[in-house]
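Please read the structure below before turning to the comments.
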Amino acid sequence: MLDGESKKMRGRAVSGKVIFILCVASFLGGSIFTSRTWSRQEEYNQQVDKDGQVSTVKVPYHSEKPAYVATDEFDHKRKLVERKPLDIMEEVARTHQAIRSLDKTVSTLEMELAVARTSQAARAELSLEKPSNQSLRKVFVVIGINTAFSSKKRRDSLRETWMPRGDKLKKLETEKGIVVRFVIGHSATPGGVLDRAIDAENAEHKDFLRLNHVEGYHELSTKTRLYFSTVMSIWDADFYVKVDDDVHLNLGMLASTLARYRTKPRIYIGCMKSGPVLSQKGVKYHEPEFWKFGEEGNKYFRHATGQLYAISKDLAAYISINAPILHRYANEDVSLGAWLIGLEVEHIDDRSMCCGTPPDCEWKTQAGNVCVASFDWSCSGICKSIDRMKDVHNTCGEGDDAVWNVEL
């Protein structure tokens, strides 16, 4: 029964003669169609002579040149094929460079648009230092010196060494585009004796940036986040720097170092480190959220040490825009590293930004390798900085005229 049904389904076989006839017919049909196609192209080949007269010219199929007049698009493609490989690679390279330039331009415009939308609110909510007009002040770098209410002697030690004072401070800003300010918030009792002391000090020196922030050691991550948001609303700078008030800084070396990266986007520069995550309570730099970093004994991801670091404008804008949702860890340098770790950021490890105090920075200066910054790792700053800052400056300083000679 099944064999009978199978025979019916197979049908009748086609003979070899029929297949041969079909093949011949297909070949002849294709030849006729091809012949007509080339004939039509011969009929429409035209040339224009020197007098502007148009004449029809038949070009034989076996001519050395193509048997039809190419369209503009085909002619362009033919020229590309006939070019030398080197010319093609040069054009590809130029196209790639143009695409990269356009991508950077679009990214910059998007960031500037976002900053513009938030800057008006930021001026009112975040900063007590207002610009004289609605437009942002264009500068090269803003250097914020993190300080506290109890650190007046530290501030005076900087004013007497590497930080310009009075008219020189203003001249540095107007002529070189380098802004230097002590950064501090407010006490838990606004208008109290601590705030009045800072107000009096600022009236004398005019070198403070006040934040709408309650000071406290365990609030450094919040202060850092607010610092970048605030300076973004006042100055339009290429770079924003944070430095501690017990660190010796050579302004000229810092400016020349940053200038090398002026044309690059998303720059994060400092002395990169990866210290241990301290889970034990009561120790300095204890991390309450240690469990987020894996097993006990693990290290943090690579980030710039907190004594000194700099970020480019686009990264500061990112922090300013996303400030409300940026998580804060116990240590402010870890927090900054966490905010940037998931972005397309270039981490630059510059060891001249963390030289030791003499004899380390002294030897490097004598060798012609002047340091950007000097401090003692054991003290997370210069040990006994109030007493030693002048000695470090005299030994490792770049000279008072160095910053004025930097080409920006």
Side-chain angles (χ1 to χ4, degrees), residues 123 126-132 136-137 139-187 189-215 220 223-224 226-228 230-231 233-235 237 239-252 254-255 307-308 373-375 381-382 384-394 397-404:
R123 289 192 191 100
L126 301 179
S127 175
L128 297 180
E129 180 176 341
K130 302 290 182 62
S132 58
L136 301 183
R137 308 175 199 173
V139 296
F140 172 62
V141 59
V142 176
I143 302 170
I145 307 171
N146 186 47
T147 192
F149 290 111
S150 59
S151 299
K152 185 179 185 305
K153 290 184 177 180
R154 284 188 178 183
R155 292 190 290 273
D156 287 339
S157 71
L158 300 191
R159 293 183 182 114
E160 294 170 359
T161 53
W162 62 262
M163 181 180 179
R165 292 182 289 178
D167 293 338
K168 288 186 176 180
L169 184 66
K170 184 179 295 184
K171 182 180 178 182
L172 187 66
E173 180 177 339
T174 56
E175 294 189 7
K176 306 300 292 187
I178 299 176
V179 178
V180 186
R181 295 287 190 278
F182 288 109
V183 180
I184 195 169
H186 295 272
S187 66
T189 55
V193 61
L194 295 177
D195 289 317
R196 291 198 302 270
I198 295 296
D199 291 339
E201 190 177 344
N202 190 37
E204 178 182 358
H205 298 286
K206 296 180 173 58
D207 54 7
F208 278 88
L209 172 66
R210 302 297 297 275
L211 303 179
N212 187 13
H213 164 75
V214 177
E215 285 290 322
L220 286 179
K223 184 177 181 179
T224 300
L226 190 54
Y227 161 67
F228 287 119
T230 302
V231 292
S233 70
I234 302 174
W235 293 284
F239 294 96
Y240 298 90
V241 174
K242 177 263 178 181
V243 61
D244 288 339
D245 60 5
D246 55 355
V247 171
H248 180 268
L249 187 64
N250 282 318
L251 291 174
L254 175 64
Q307 287 85 353
L308 171 66
S374 301
F375 57 87
I382 296 178
K384 299 180 180 180
S385 65
I386 297 172
D387 300 324
R388 296 180 59 221
M389 184 64 70
K390 186 171 292 187
D391 291 335
V392 174
H393 182 68
N394 292 336
E398 62 189 350
D400 295 338
D401 296 331
V403 67
W404 303 103

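These figures come from a predicted structure and were not determined experimentally.
- By the 4.5 Å heavy-atom criterion applied to side chains, Asp195 and Arg210 are counted as neighbours.
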Tabulate below the donor-acceptor pairs under 3.5 Å that side-chain atoms of residues 159-166 make, not counting sequence neighbours, or state none.
{"from": "Arg159", "atom 1": "NE", "to": "Asp207", "atom 2": "OD2", "distance (Å)": "2.7"}
{"from": "Arg159", "atom 1": "NH1", "to": "Asp156", "atom 2": "OD1", "distance (Å)": "2.9"}
{"from": "Arg159", "atom 1": "NH1", "to": "Glu201", "atom 2": "OE2", "distance (Å)": "3.0"}
{"from": "Arg159", "atom 1": "NH2", "to": "Glu201", "atom 2": "OE2", "distance (Å)": "2.9"}
{"from": "Arg159", "atom 1": "NH2", "to": "Asp207", "atom 2": "OD1", "distance (Å)": "3.2"}
{"from": "Arg159", "atom 1": "NH2", "to": "Asp207", "atom 2": "OD2", "distance (Å)": "3.3"}
{"from": "Thr161", "atom 1": "OG1", "to": "Ser157", "atom 2": "O", "distance (Å)": "2.8"}
{"from": "Thr161", "atom 1": "OG1", "to": "Leu158", "atom 2": "O", "distance (Å)": "3.3"}
{"from": "Trp162", "atom 1": "NE1", "to": "Val247", "atom 2": "O", "distance (Å)": "3.2"}
{"from": "Arg165", "atom 1": "NE", "to": "Arg159", "atom 2": "O", "distance (Å)": "3.1"}

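- Scored by the side chain to side chain contact (heavy atoms under 4.5 Å, CB included) test, Glu175 finds Lys171, Trp404 as partners (sequence neighbours excluded).
- Counting all heavy atoms, side chain and backbone alike, Ser374 lies closest to Val392 at CB-CG1, 4.4 Å.
- Using a 4.5 Å heavy-atom cutoff, the side chains of Ile184 and Glu215 are in contact.
- Residues that satisfy the salt bridge (charged side-chain N to carboxylate O under 4.0 Å, His left out) test with Lys176, not counting sequence neighbours, are absent from this structure.
- Note that the CG atom of Leu194 and the NE2 atom of His186 stand 12.0 Å from one another [nearest 0.5 Å].
- Taking the six-membered ring for Trp and thresholds of 30 and 60 degrees, His248 and His393 have ring planes inclined between 30 and 60 degrees apart.
- In this structure, Arg137 and Glu173 have side chains that are in contact, with non-hydrogen atoms separated by less than 4.5 Å.
- Residues Ile143 and Leu249 form a side-chain contact, since some pair of their non-hydrogen atoms from C-beta on lies under 4.5 Å apart.
- In terms of heavy atoms, Gly185 sits closest to Phe149 at O-CZ, 4.0 Å.
- Scanning for ring-ring contact (aromatic ring centres under 6.0 Å, His included) contacts around Tyr227 gives an empty result, with sequence neighbours left out.
- Counting heavy-atom neighbours within 6.0 Å of Asp391 CG, excluding the residue itself, gives a total above 12.
- For the atom pair NZ (Lys168) and CG (Asp400), the distance works out to 6.0 Å, reported to the nearest 0.5 Å.
- Within the 4.5 Å cutoff, the side chain of Leu209 has no heavy atoms near those of the Val179 side chain.
- The closest donor-acceptor contact from the side chain of Lys206 to the backbone of Ala203 lies under 3.5 Å.
- With hydrogens and angles ignored, the 3.5 Å screen pairs no side-chain donor or acceptor of Asp245 with any backbone N or O of Arg154.
- Remark: Asp387 CG to Ile382 CD1 distance equals 11.5 Å, nearest 0.5 Å.
- The side-chain heavy atoms of Ile178 and Leu254, taken from C-beta on, include no pair separated by under 4.5 Å.
- For Asn394, the CG atom sits in a packed shell: over 12 heavy atoms of surrounding residues, nucleotides or ligands are nearer than 6.0 Å.
- When every heavy atom of Gly177 is checked against every heavy atom of Val139, the shortest pair comes out as O-CB, 3.4 Å.
- When side chains are defined from C-beta on, Val183 does not count as touching Val231, because their heavy atoms never get closer than 4.5 Å.
- With sequence neighbours left out, the side chain to side chain donor-acceptor pair (under 3.5 Å) criterion links His213 to no other residue.
- Taking the ring-ring contact (aromatic ring centres under 6.0 Å, His included) definition, one finds that Tyr240 meets it with nothing, sequence neighbours left out.
- Looking only at distances, no side-chain donor or acceptor of Gln307 sits under 3.5 Å from a matching main-chain atom of Phe375.
- Listed for the Asp246 side chain is no donor-acceptor partner under 3.5 Å among the backbone atoms of Ser385.
- Taking OG1 of Thr224 as the reference point, atom NZ of Lys242 lies at 6.0 Å (rounded to 0.5 Å).
- Residue Ile145 comes nearest to Val180 through the heavy atom pair CD1-CG1, 3.7 Å, listed as atom of the first residue, atom of the second, then distance.
- Between Leu308 and Ala373, the shortest heavy-atom contact is CD2-CB, 3.5 Å.
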